[in-house]
Amino acid sequence: MLYDRIYNFSAGPSILPEPVLESVRDNLLNYEGSGMCVMEMSHRSKVFQQIIDEAEQDLRDLMNIPDNYKVLFIQGGATLAFASIPMNLMKNGVACYVETGAWSKKAIAEAKKYGEVKVVASSKDKNYSYIPDCSDLDIPDNADYVYICENETIHGTTWQKLPNTKGKILVSDQSSMFLSKPCNVSDYGLIYGGVQKNIGPAGMIIAIIREDLIRPASELPSWVPTYCAFSTHADAGSMYNTPNCWSIYVCGQVFKYLKSIGGLEAMEKRNIEKAQIMYDFLDQSKMFKGTVQKEHRSLMNIPFVTESAELDAEVVAATKKAGFDNLKGHKSVGGLRASIYNAMPKDGVEALVKFLTEFEANYNK
Ligand SMILES: *Cc1c(COP(=O)(O)O)cnc(C)c1O
């Protein structure tokens, strides 16, 4: 193998499609005849303007984003968005959150700094191993929005059916499922996510926001930082200040790659196939068990455990030695976790299942 690459099951930053890495490599020193690397370019240059415009257009094509939604590239990660969202969307100062795991909990804690947060449903009672029924939530009339984390990266749950928001705006953190399947954008007021899980290099979110929800800075409390006002980014084409040029460029290459393989329908088909291989294995194994209720299992993040923390650690060490990396579960959950994002080939999942099958067969022999 030329580059000696391994199967990387990291939850984020994570695996990228090899054709994208190769294209980035080929253009590294001289991007398409510009004579420089994208990292060396002015964000105000014509070349870069074309990069960002194409990235936006390709994303719009992939997700069928309606014209009345803006696409924003913003730094600070999903963590800054946890604060920016209430700053921008709380008009009445009240928001409803669904608590499904580590990332929605963090969003809740942050939103509480800016207004009243009503946790309208939670799966805490069973250690966040399912998505609560959200067909009839108690949503106050003055709620500004309903917030969900659509794929809990650490707990491995995903929403099959969006909540009934009773007419309120739906806000969704799609960080770890962005572009993993088709998405009906008009079901949401705001979709956002850090790109380092399923799209590109760390350091940026993509926010897809309905235009009428972008309030001018003059309508926001005066203490809201300029950078946190969504209007700042919307009014300046995501270039109010120096954007994360490199991430925008590589994400754009990933969008082109996704289009080339047939778009999000084709991607979803591959993702279902990959996840099925892993879940079929877990369902028949006597040593390994998935931790999530079947109907809420994620296509992207698959946590599983053995009977003990010692054996978990032993398996993690053995996988690492065999060329599979980053299978250790998040410290808050323990066990193991296989993140099988868009770029993970089916081969990688099959190889892992083969390894775990043999590990189980040889154990105690
Ligand atoms: C990783 C992750 C975050 C945090 O992202 P940062 O970009 O590191 O701030 C938030 N939400 C979800 C679902 C995540 O997976």
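Start at 1 and go down the list; that is how both ligands and their atoms are numbered. Predicted, not measured: the structure shown is a model, and the values here were computed from it.
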Show, in sequence, the C-alpha distance, side-chain angles and deciding distance for Phe48 and Arg44, and conclude whether the side-chain contact (heavy atoms from CB on, under 4.5 Å) test is met. CA-CA 7 Å; Phe48 187 75; Arg44 306 286 176 203; over 6 Å; no
According to the side-chain hydrogen bond (donor to acceptor under 3.5 Å, both in side chains) rule, which pairs have a member within residues 53-66, sequence neighbours left out? Gln49-Asp53, Gln50-Glu54, Glu54-Lys256, Glu56-Arg60, Gln57-Asp61, Asp58-Lys256, Asp58-Lys259, Asp61-Lys259
Is the closest side-chain donor-acceptor distance between Asp312 and Thr306 under 3.5 Å? yes
Basic-acidic side-chain contact under 4.0 Å: Arg297, Asp283: yes
Ligand 1: protein N/O within less than 3.5 Å of ligand N/O:
residue	atom	partner	partner atom	Å
ligand 1	7 (O)	Ala78	N	3.2
ligand 1	7 (O)	Gln196	NE2	2.9
ligand 1	8 (O)	Gln196	NE2	3.4
ligand 1	9 (O)	Ala78	N	3.2
ligand 1	9 (O)	Thr79	N	2.8
ligand 1	9 (O)	Thr79	OG1	2.5
ligand 1	11 (N)	Asp173	OD2	2.6
ligand 1	15 (O)	Thr153	OG1	2.4
ligand 1	15 (O)	Lys197	NZ	2.5

Would a line drawn from the ring center of Trp223 to the ring center of Tyr114 be shorter than 6.0 Å? yes
My understanding is that only one of Arg337, Met300, His330 makes a side chain to side chain contact (heavy atoms under 4.5 Å, CB included) with Thr153; could you say which? Arg337
